[in-house]
Amino acid sequence: MQDDDLAGLRARLDAHHDWPSEYMFKFIAPNLPEKVDAILGMFPGEVRVERKTSGGGKYIALTIHEVVSNADAVFHRYQTVQALGGIFAL
């Protein structure tokens, strides 16, 4: 993502959140235990996780609620999970 795009996104996040704040991360990944475990391993143990498996069972949607300190923490979390590969961030 370009610096201008990040600055705009940061401004929107800051306008809608009073940090620290709970943020809802959403990911779609292959429904493989090792992939799900890798994603969840990027988050602290006390986060709330919602799971929904696709109709055919090939994919899983993860909604993870975490209290983060600022917009940069949101960006960092998405970048960390994206590094795993094969995961769509929403």
Side-chain angles (χ1 to χ4, degrees):
M1 192 175 269
Q2 301 294 328
D3 288 341
D4 290 344
D5 295 333
L6 280 177
L9 183 54
R10 182 179 289 106
R12 287 192 300 275
L13 284 171
D14 288 343
H16 290 106
H17 294 277
D18 292 322
W19 306 111
S21 180
E22 182 177 89
Y23 188 82
M24 184 173 60
F25 296 90
K26 293 188 145 236
F27 304 99
I28 296 176
N31 192 13
L32 302 170
E34 61 272 13
K35 191 62 92 169
V36 173
D37 289 346
I39 294 168
L40 296 178
M42 301 287 179
F43 290 85
E46 68 272 4
V47 297
R48 183 167 46 105
V49 179
E50 300 167 26
R51 303 166 192 238
K52 184 174 181 186
T53 306
S54 66
K58 283 182 68 173
Y59 298 96
I60 188 165
L62 298 172
T63 302
I64 302 169
H65 302 264
E66 180 186 11
V67 175
V68 293
S69 57
N70 55 40
D72 288 329
V74 172
F75 300 150
H76 175 72
R77 188 68 75 204
Y78 273 118
Q79 290 168 342
T80 303
V81 172
Q82 287 288 89
L84 296 173
I87 299 166
F88 295 97
L90 306 174

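Between the NZ atom of Lys35 and the CD1 atom of Ile87 there is a distance of 5.0 Å, given to the nearest 0.5 Å. Between the NE2 atom of His76 and the CG atom of Asn70 there is a distance of 11.0 Å, given to the nearest 0.5 Å. Distance check: Glu34 CD to Leu84 CG gives 11.5 Å after rounding to the nearest 0.5 Å. To the nearest 0.5 Å, atom OG1 of residue Thr80 and atom CD1 of residue Ile39 are 12.5 Å apart. Note that the CG atom of Leu13 and the CZ atom of Phe75 stand 5.5 Å from one another [nearest 0.5 Å].
Hydrophobic clustering (ILVMFWY, side-chain heavy atoms < 4.5 Å, transitive): Met42 and Val36 are in one cluster. Follow the hydrophobic side-chain contacts under 4.5 Å out from Val74 and you reach Leu9 in the same cluster. Cluster annotation: Phe88 and Val49 are assigned to distinct hydrophobic clusters (Ile/Leu/Val/Met/Phe/Trp/Tyr, side-chain heavy-atom contacts under 4.5 Å, transitive).
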Point to revise | Leu62 vs Arg51, side-chain contact (heavy atoms from CB on, under 4.5 Å): CA-CA, chis, key distance, verdict | key: CA-CA 5 Å; Leu62 298 172; Arg51 303 166 192 238; 3.6 Å; yes

Practice item. Could you walk me through whether Val47 and Leu40 pass side-chain contact (heavy atoms from CB on, under 4.5 Å), step by step? Key: CA-CA 9 Å; Val47 297; Leu40 296 178; 5.7 Å; no

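In this structure Arg12 satisfies the salt bridge (Lys or Arg N to Asp or Glu O under 4.0 Å) test with no other residue, sequence neighbours excluded.
Sorted by first and then second residue, the pairs that involve residues 19-50 and meet ring-ring contact (aromatic ring centres under 6.0 Å, His included), not counting sequence neighbours, are His17-Trp19, His17-Tyr23, Tyr23-Phe25, Phe25-Phe43, Phe25-Tyr78, Phe27-Tyr78. Counting only residues at least two apart or on different chains, the side-chain hydrogen bond (donor to acceptor under 3.5 Å, both in side chains) pairs with a member in residues 37-49 are Arg48-Glu50, Arg48-His65.
For the residue pair Gly86 and Pro30, the shortest heavy atom distance occurs at O-CD, 3.3 Å. When all heavy atoms of Ala71 and Asp14 are compared, the pair lying nearest together is CB-OD1, 3.9 Å.
Counting only heavy atoms from C-beta outward, the side chains of Asp72 and Arg10 approach each other to under 4.5 Å.
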